[in-house]
Novice: 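Dropping a structure here in structure tokens format, bear with me for questions.
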Amino acid sequence: MAVLIKSETFNPASLQAAHESSLNTGSFGATATFIGSMRNVNEGDDVIGMMLEHYPGMTEKELEAIIEDARSQWPIDDALIVHRVGDIKPGEPIVLTAVWSAHRAAAFDACRFLMEALKSRAPFWKKETLKDGTHRWVERNTPGY
Amino acid sequence: MAVLIKSETFNPASLQAAHESSLNTGSFGATATFIGSMRNVNEGDDVIGMMLEHYPGMTEKELEAIIEDARSQWPIDDALIVHRVGDIKPGEPIVLTAVWSAHRAAAFDACRFLMEALKSRAPFWKKETLKDGTHRWVERNTPGY
Amino acid sequence: MTIRVKFFASLREQIINPSTEVDGSQAKTISDVWALATDEPMPAHVLCSVNLDHKDPGDPVADGDEVAFFPPITGG
Amino acid sequence: MTIRVKFFASLREQIINPSTEVDGSQAKTISDVWALATDEPMPAHVLCSVNLDHKDPGDPVADGDEVAFFPPITGG
């Protein structure tokens, strides 16, 4: 189980592989992964940059609690959450959630739970820079289900 | 949209990255991925090898139809299915399903749909080799939901 | 003309000396193809296809078709 | 002793000259902390935490706490 906050861009596949290398090959049969990345359009406007603010300390605490909640609900072998903070550019990854489990139902359910819980509980806020140079705080999430 | 049948072991992250390189960075915000890999235990027995038989021609046709079904149900940007055939060893990947979409709900839903549809419609069959050298056909799937 | 017949996985191992071709003029349905190709009753839960499409045992067949029989699918 | 007060994101930009510390002896609830730290009414939908745990505005506070106010979360 691991939570990483990254202030520079990251490679989701590399971090997933690095984490998986600590697991026993053959012990899990299902790996569900989600990557959220920055789109260059939001609510109809061209977006050229984003700043991700967070609440250091609370962020890590909430993400670790979310993983514990997932562990209490599903038989999962391991889980990884990586979240970006700071200034990011379109196309860069914002978040990675990965779950390893014996079977696929738990992996899918827990991976999606991590994302939904993160989006409602982990203190991150997005501020977009539009093409015309203006800034705006993102005020709501898209629906998760 | 792509379907790949692999007779040798494959690297899911590499194939996912190769496929993603054809997409426009920043056009999608959500990537949901599932990897099914071979466990070294099944139904309480140690498993040392597996042979994946398939029905060439029908396999590709069904997998392509499954992707089209997903496209008709969710607004997805792209999808990739990779499935292994032949003799495989514990820990090796069996299947990869990946979906790219603007938002996460469609990516999660469609990725899971690909897996469930594949497990009921795509003509693949698993034969396990147990530790004592005996072989057995896998007769049922674990529940997907 | 003939109908080609294929068996997969456990079914391929279980059915003894099945025909790989049957006379298309004698088979109206997939079940007829089974009866012409083997000496055994069709087991429960057998799946079948015609020309790479999933079908039911009562569905019709025609000269030149490829008919396949297989056990429940276990990929993924 | 004092209670430390933090504001995040759009709230940090909107609230003019908030206090970063308030007198703990004057605040019983999170709402009291808001009233001591700012001259503005608490907007609807503001979220709050005490010592890094999510809390409601009516929840109690104590000397030495860290209280934070922030808008709805938009990470992920």
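Proteins get letters first, then strands, A, B, ... in listed order; numbering begins at 1 in each. Keep in mind that what you see is a predicted model, and the values were worked out from it rather than measured.
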Novice: Is any residue of residues 23-38 of chain D within less than 4.5 Å of chain A by heavy atoms, and which ones?
Specialist: none
Novice: Is the backbone of A:G144 close enough, under 3.5 Å, to the side chain of A:R112 for a donor and an acceptor to pair up by distance?
Specialist: yes
Novice: Considering only heavy atoms and a distance below 4.5 Å, find which of A:E62, A:R140, A:H54 pairs most often with chain D.
Specialist: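 Option with the top pair count is A:E62.
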Novice: Sort and list the pairs that fulfil salt bridge (Lys or Arg N to Asp or Glu O under 4.0 Å) and have at least one residue in residues 14-35 of chain A, not counting sequence neighbours.
Specialist: none
Novice: Is the shortest heavy-atom distance from the side chain of A:I67 to the side chain of A:I81 under 4.5 Å?
Specialist: yes
Novice: I'd like to know if A:K89 pairs up with A:E92 as an ion pair, taking the criterion as any Lys NZ or Arg NE/NH1/NH2 lying under 4.0 Å from an Asp or Glu carboxylate oxygen.
Specialist: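 Yes, charged N to carboxylate O under 4.0 Å.
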Novice: At a 4.5 Å cut-off on heavy atoms, which part of D:S49 comes close to chain A: side chain, backbone, both, or neither?
Specialist: side chain
Novice: Determine yes or no for a side-chain-to-main-chain donor-acceptor pair under 3.5 angstrom, with A:R136 supplying the side chain and A:E139 the backbone.
Specialist: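 Side chain of A:R136 to backbone of A:E139: no pair is present.
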Novice: With no hydrogens and no angle check, is any side-chain donor or acceptor of D:H45 less than 3.5 Å from a backbone partner on D:P72?
Specialist: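 No.
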Novice: With a 4.5 Å heavy-atom cut-off, do D:T74 and A:F124 have their side chains touching?
Specialist: no
Novice: For D:E13 and A:W137, which I'm curious about, is there any donor-acceptor pair between the side chains at under 3.5 Å?
Specialist: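 The answer is yes; a qualifying pair exists.
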Novice: I'd like to check A:T134 versus A:D132 (side-chain heavy atoms, cut-off strictly below 4.5 Å). Are they in contact?
Specialist: yes
Novice: Residue by residue, which of residues 54-67 of chain D have a heavy atom closer than 4.5 Å to a heavy atom belonging to chain A?
Specialist: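 The residues closer than 4.5 Å to chain A, in numerical order, are D:H54, D:E66.
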Novice: With only heavy atoms counted, which part of A:K61 is less than 4.5 Å from chain D, the side chain, the backbone, both or neither?
Specialist: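 Side chain of A:K61 only, per the 4.5 Å heavy-atom cut-off to chain D.
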Novice: Would you say CG of D:N17 has more than 12 non-hydrogen atoms from neighbouring residues, nucleotides or ligands within 6.0 angstrom?
Specialist: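 No - once you tally the heavy atoms of other residues, nucleotides and ligands closer than 6.0 Å, there are 12 at most.
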Novice: Could you check if a side-chain atom of D:F69 sits within less than 4.5 angstrom of a side-chain atom of D:V5, using non-hydrogen atoms only?
Specialist: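 The answer is yes; the side chains approach within 4.5 Å.
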Novice: Does a salt bridge link A:R71 with A:D78, judged by any charged N lying under 4.0 Å from a carboxylate O?
Specialist: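 No, no charged N to carboxylate O under 4.0 Å.
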Novice: Do the side chain of A:W125 and the main chain of D:P71 share a donor and acceptor less than 3.5 angstrom apart?
Specialist: yes
Novice: Going from CG on A:L96 to SG on A:C111, what distance comes out if it is rounded to the nearest 0.5 angstrom?
Specialist: 8.0 Å
Novice: With a 4.5 angstrom heavy-atom cut-off, could you sort out which part of A:K127 is near chain D: side chain, backbone, both or neither?
Specialist: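 Side chain only.
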Novice: Any side-chain heavy-atom pair from A:L114 and A:V99 closer than 4.5 angstrom?
Specialist: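 Yes, close enough: below the 4.5 Å cut-off.
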Novice: Among residues 9-17 of chain A, which ones touch chain D with a heavy-atom distance under 4.5 Å?
Specialist: none
Novice: Determine the option with the most heavy-atom pairs under 4.5 angstrom with chain D, choosing from A:G36, A:A122, A:G57.
Specialist: A:A122
Novice: As a quick check of understanding, evaluate salt bridge (charged side-chain N to carboxylate O under 4.0 Å, His left out) for A:K126 and A:E53, giving each step before the final call.
Specialist: CA-CA 6 Å; A:K126 290 173 179 163; A:E53 181 172 333; over 6 Å; no
Novice: Quick one: what part of A:I94 sits under 4.5 Å from any heavy atom of chain D, side chain, backbone, both or neither?
Specialist: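 Answer is side chain: those atoms of A:I94 sit under 4.5 Å from chain D.
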